[in-house]
**Q** 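Shown below is the structure under consideration.
Everything quoted here is computed from the prediction, not taken from an experiment. The chain is numbered in sequence order, starting from 1.
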Amino acid sequence: LNALHAVEPGGEIQVTAEPDEIGEHLMIRVWDNGPGIDAKQPQEIFDPFFTTREKGTGLGLAIVKKIVENQSGEIVAESPPHGRETGTNFTIRIPME
């Protein structure tokens, strides 16, 4: 949902899921070509009630992070993604078992 709010009309969002190189973890990636996350806020985005949207609750990424961590996984945000000038990439890494 955050990616949908971030991109302009005609923007691009990609969602992929594949095993890691050794087949132990599922790597889920969500990438968009929106404006990206403010460099001053990379860790705050996972804090409960932190939002930059006027009508946002600030709970979405906090809930996602908790769900991922409860599955012994991790979530990482990269903005802008390596090799790009704009956009955001979220990578979720969870064990396959």
**Q** Consider only side-chain N and O atoms of Asn33 and Arg84, and report whether a donor and an acceptor are under 3.5 Å apart.
**A** no
**Q** Is there a path from Ile75 to Met27 through hydrophobic residues (I, L, V, M, F, W, Y) whose side chains come within less than 4.5 Å of each other?
**A** no
**Q** Give the C-alpha distance, both sets of side-chain angles, the deciding distance and a yes or no for side chain to side chain contact (heavy atoms under 4.5 Å, CB included) between Thr51 and Thr57.
**A** CA-CA 7 Å; Thr51 185; Thr57 64; over 6 Å; no
**Q** Check Ser79 against Gly36 and note the closest heavy-atom contact, atom names and distance.
**A** OG-CA, 3.2 Å
**Q** With side-chain hydrogen bond (donor to acceptor under 3.5 Å, both in side chains) as the test, would you mind laying out the steps for Gln71 and Glu69 before giving the verdict?
**A** CA-CA 5 Å; Gln71 300 299 315; Glu69 288 175 346; over 6 Å; no
**Q** Mind checking the CD1-CG spacing from Ile37 to Asn89? Nearest 0.5 Å is all I need.
**A** 10.0 Å
**Q** If two hydrophobic side chains count as joined below 4.5 Å and joins carry through other members, does Phe46 share a cluster with Ile28?
**A** yes
**Q** Once rounded to the nearest 0.5 Å, what's the spacing between atom CZ of Phe50 and atom CD1 of Ile45?
**A** 8.0 Å
**Q** Which pair of non-hydrogen atoms, one from Arg53 and one from Asn2, has the smallest distance, and what is that distance?
**A** NH1-OD1, 3.2 Å
**Q** For a quick test of reading the model, state the closest non-hydrogen atom pair linking Pro81 to Gly87 and the distance between them.
**A** CD-O, 3.3 Å
**Q** Side chains of Glu85 and Pro80: closer than 4.5 Å at any heavy-atom pair?
**A** no
**Q** Other than Phe49, which residues form its hydrophobic cluster under the rule that side-chain heavy atoms must be closer than 4.5 Å?
**A** Leu59, Ile63, Ile67
**Q** Going from CG on Asp20 to CZ on Arg93, what distance comes out if it is rounded to the nearest 0.5 angstrom?
**A** 6.0 Å
**Q** Are Leu61 and Trp31 connected in a single hydrophobic cluster, I mean Ile/Leu/Val/Met/Phe/Trp/Tyr linked by side-chain heavy atoms less than 4.5 Å apart?
**A** no
**Q** Can you find a pair of side-chain heavy atoms, one from Arg29 and one from Gln14, that are under 4.5 Å apart?
**A** no
**Q** Once rounded to the nearest 0.5 Å, what's the spacing between atom OG1 of Thr88 and atom CD of Glu78?
**A** 9.5 Å
**Q** Of all heavy-atom pairs between Met96 and Gly23, which one has the smallest distance, and what is that distance?
**A** CG-O, 3.7 Å
**Q** Salt bridge check: are Lys65 and Glu74 linked by an N-O gap of less than 4.0 Å?
**A** no
**Q** What are the two closest non-hydrogen atoms of Ala6 and Pro35, and how far apart are they?
**A** O-CD, 3.2 Å
